[in-house]
S.K.: 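Questions regarding the structure given below will be posed in turn.
All chains are named by letter (A, B, ...) in the order of the sequence lines, taking the proteins before the strands, and each is independently numbered beginning at 1. These numbers were taken from a predicted model, which means no experiment stands behind them.
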There are 2 protein chains.
Amino acid sequence: MKNRSSKAEEILDVAERMARTGGYNGFSFREIAKRVGIKAASVHYHFPGKDDLGAAVARRYTDRFLAALGPADNDSVAPEDLLQRYVDAYRRSIAEDDLMCLCGIFGAEIADLPAPVAEETRLFFERCIAWLTRVMSRAHPDAPQEKAAAAALRLTATMEGALILSRSLDDVTVFDGITYGMSIAP
Amino acid sequence: MKNRSSKAEEILDVAERMARTGGYNGFSFREIAKRVGIKAASVHYHFPGKDDLGAAVARRYTDRFLAALGPADNDSVAPEDLLQRYVDAYRRSIAEDDLMCLCGIFGAEIADLPAPVAEETRLFFERCIAWLTRVMSRAHPDAPQEKAAAAALRLTATMEGALILSRSLDDVTVFDGITYGMSIAP
DNA sequence: GTCTATAATTTGATAGAC
DNA sequence: GTCTATCAAATTATAGAC
């Protein structure tokens, strides 16, 4: 975990919220500064460029996301329950925060992102897929690794898409309908 | 179909390409004008505000997308083949154009879109779901309507997510892995 | 750490000539 | 339909005082 001042954390909080609403171009130094209660120039002190800020937001988001899931090979938790945790993590994004998944929206505009931000976005998915692949492998020890990885990719894609559709149709039950009975089957 | 000058179509072409890369904030009048070979003020002649341009891009995108699919109740085409058409339509987005689905990227940032653009985005999904629900119902005439609609939502979500992951991981085979064997099962 | 001041650029938009 | 000219606002960013 990075050692950061509380102001820096506040900046990340606001930047994340704005990015999860309007994407990488959906947040600005000025607007962040206004909401945090400082001046735009002061934001540059904490994060020199917008690249740095965007990458920091993405990295913190990813760290928190995976921390909330816990280790994939926790033997005291059934793989079915870990899978449910995964689905719930995405569901909270809309149900509690009314926000898009940061890396879902960054991923959609990945071709226009500065390299460091694009890289953090890619890492989010790689780490999520790795985590989920382990869970799948635990649930189906006899299934080949590729099957588990394929299931992890498909499940993650469905989650991101479920967020988009749920928000576009303005109906949280859309997410539930899509993820209902999301089986652990490989 | 709307009657538009060829310049207006050119503008829409460029705007769509840019929007499918960087989202709603990813295109500007000036940059469009430069690429089309006119001045920014001339773009305003064809589309008074950015809302209008964004909404027009989304509407044309949706019309074309559905036109490429053809009617859902075409009895001369098996529902399985229509489903494959649906998947292929998304696949072409990355495989041929190397672009995101316009309404996938718009949907991700829907909370920050001007109302007219958000509405067109919503309509894209409603029309796609309606089309796909019919196809599903044809494939499973005895299954309840809700099952068909739920399958349509899930399939569409998976497509949008597959585009995001495929682009983020910079690997088209990710899309194929996710959509492989996408059954017509309800 | 935060500020003022300022620069350089981009953006959406309009008025009016041709 | 397209242009020039222009505007007001927003954006990223830096220099230097406190």
S.K.: When you check the gap from the basic side-chain N to the acidic O, do D13(A) and R35(A) get nearer than 4.0 Å?
M.R.: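 So D13(A) does not pair with R35(A) through a salt bridge.
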S.K.: Which whole-number value in Å describes the distance from K39(B) NZ to dG12(C) P?
M.R.: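 So the NZ-P distance, K39(B) to dG12(C), works out to 16 Å.
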S.K.: Below 4.0 angstrom from OP1 or OP2 of dT2(D), is there any side-chain N or O of Y45(B)?
M.R.: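 Checking Y45(B) against dT2(D): no side-chain N or O falls below 4.0 Å of OP1 or OP2.
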S.K.: How many Å lie between CD1 on I32(A) and P on dT11(D), as a whole number?
M.R.: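 Spelled out: CD1 on I32(A) to P on dT11(D) is 10 Å.
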S.K.: What do you reckon, is NZ of K39(A) surrounded by more than 12 foreign heavy atoms closer than 6.0 Å?
M.R.: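 No, not enclosed.
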S.K.: Using atom CG of D52(A) as one end and atom C1' of dT12(D) as the other, report the distance to the nearest whole Å.
M.R.: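 So the CG-C1' distance, D52(A) to dT12(D), works out to 12 Å.
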S.K.: Checking contacts here: which listed nucleotide (dT2(D), dC3(C), dG1(C)) is nearest the side-chain heavy atoms of S42(B)?
M.R.: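 Nearest listed nucleotide: dT2(D).
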S.K.: In whole Å, I'd like the distance from the CG atom of N25(A) to the C1' atom of dT12(D).
M.R.: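 About 12 Å, once rounded to whole Å.
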S.K.: Would you indicate what F47(B) reaches in the nucleic acid, counting non-hydrogen atoms under 4.0 angstrom: base, sugar-phosphate, or nothing?
M.R.: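 Counting heavy atoms under 4.0 Å across all strands, no contact is made by F47(B).
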S.K.: Is the phosphate of dT11(D) approached by S28(A) (side-chain N or O, under 4.0 Å from OP1 or OP2)?
M.R.: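 Result: yes.
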S.K.: Given dT6(C), dG1(C), dC3(C), which nucleotide is nearest the side-chain atoms of R30(A)?
M.R.: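 Among dT6(C), dG1(C), dC3(C), the one nearest the side chain of R30(A) is dT6(C).
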S.K.: Among dC3(D), dT12(D), dG12(C), which nucleotide has an atom closest to any side-chain atom of F29(B)?
M.R.: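 In terms of side-chain proximity for F29(B), the closest of dC3(D), dT12(D), dG12(C) is dG12(C).
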S.K.: Need to verify one output field. Residue with the more 5' nearest nucleotide on DNA chain D, A41(B) or R4(B)?
M.R.: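 Nearest-nucleotide comparison on DNA chain D picks R4(B).
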S.K.: Indicate yes or no: does R127(A) engage D63(A) in a salt bridge with an N to O separation below 4.0 Å.
M.R.: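 A salt bridge links R127(A) with D63(A).
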S.K.: Could you state the atom-to-atom distance from NE2 of H44(A) to C1' of dG16(D) in whole Å?
M.R.: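 Those two atoms, NE2 and C1', are 15 Å apart.
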S.K.: In terms of side-chain heavy atoms of K50(B), which of dA13(D), dA13(C), dT2(D) is nearest?
M.R.: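 Of dA13(D), dA13(C), dT2(D), dA13(C) is nearest to the side chain of K50(B).
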S.K.: Among dT12(D), dG1(C), dT2(D), which nucleotide has an atom closest to any side-chain atom of S5(A)?
M.R.: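 Selected nucleotide: dG1(C).
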S.K.: How close do A8(B) and H46(B) get, heavy atom to heavy atom, and via which atoms?
M.R.: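 Shortest heavy-atom contact: CB-ND1, 3.8 Å.
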S.K.: Starting at atom CG of L53(A), determine the distance to atom C1' of dT11(D), rounded to an integer number of angstrom.
M.R.: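 Rounding to the nearest Å, CG of L53(A) and C1' of dT11(D) are 14 Å apart.
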S.K.: Output the rounded distance in Å from NE2 (H46(B)) to C1' (dA13(C)).
M.R.: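 Rounding to the nearest Å, NE2 of H46(B) and C1' of dA13(C) are 16 Å apart.
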S.K.: Hydrophobic clustering (ILVMFWY, side-chain heavy atoms < 4.5 Å, transitive) - are L66(B) and F125(B) grouped together?
M.R.: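 Linked within one cluster.
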S.K.: Please give, in whole Å, the distance from dT11(D) P to E31(B) CD?
M.R.: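 In whole Å, dT11(D) P lies 19 Å from E31(B) CD.
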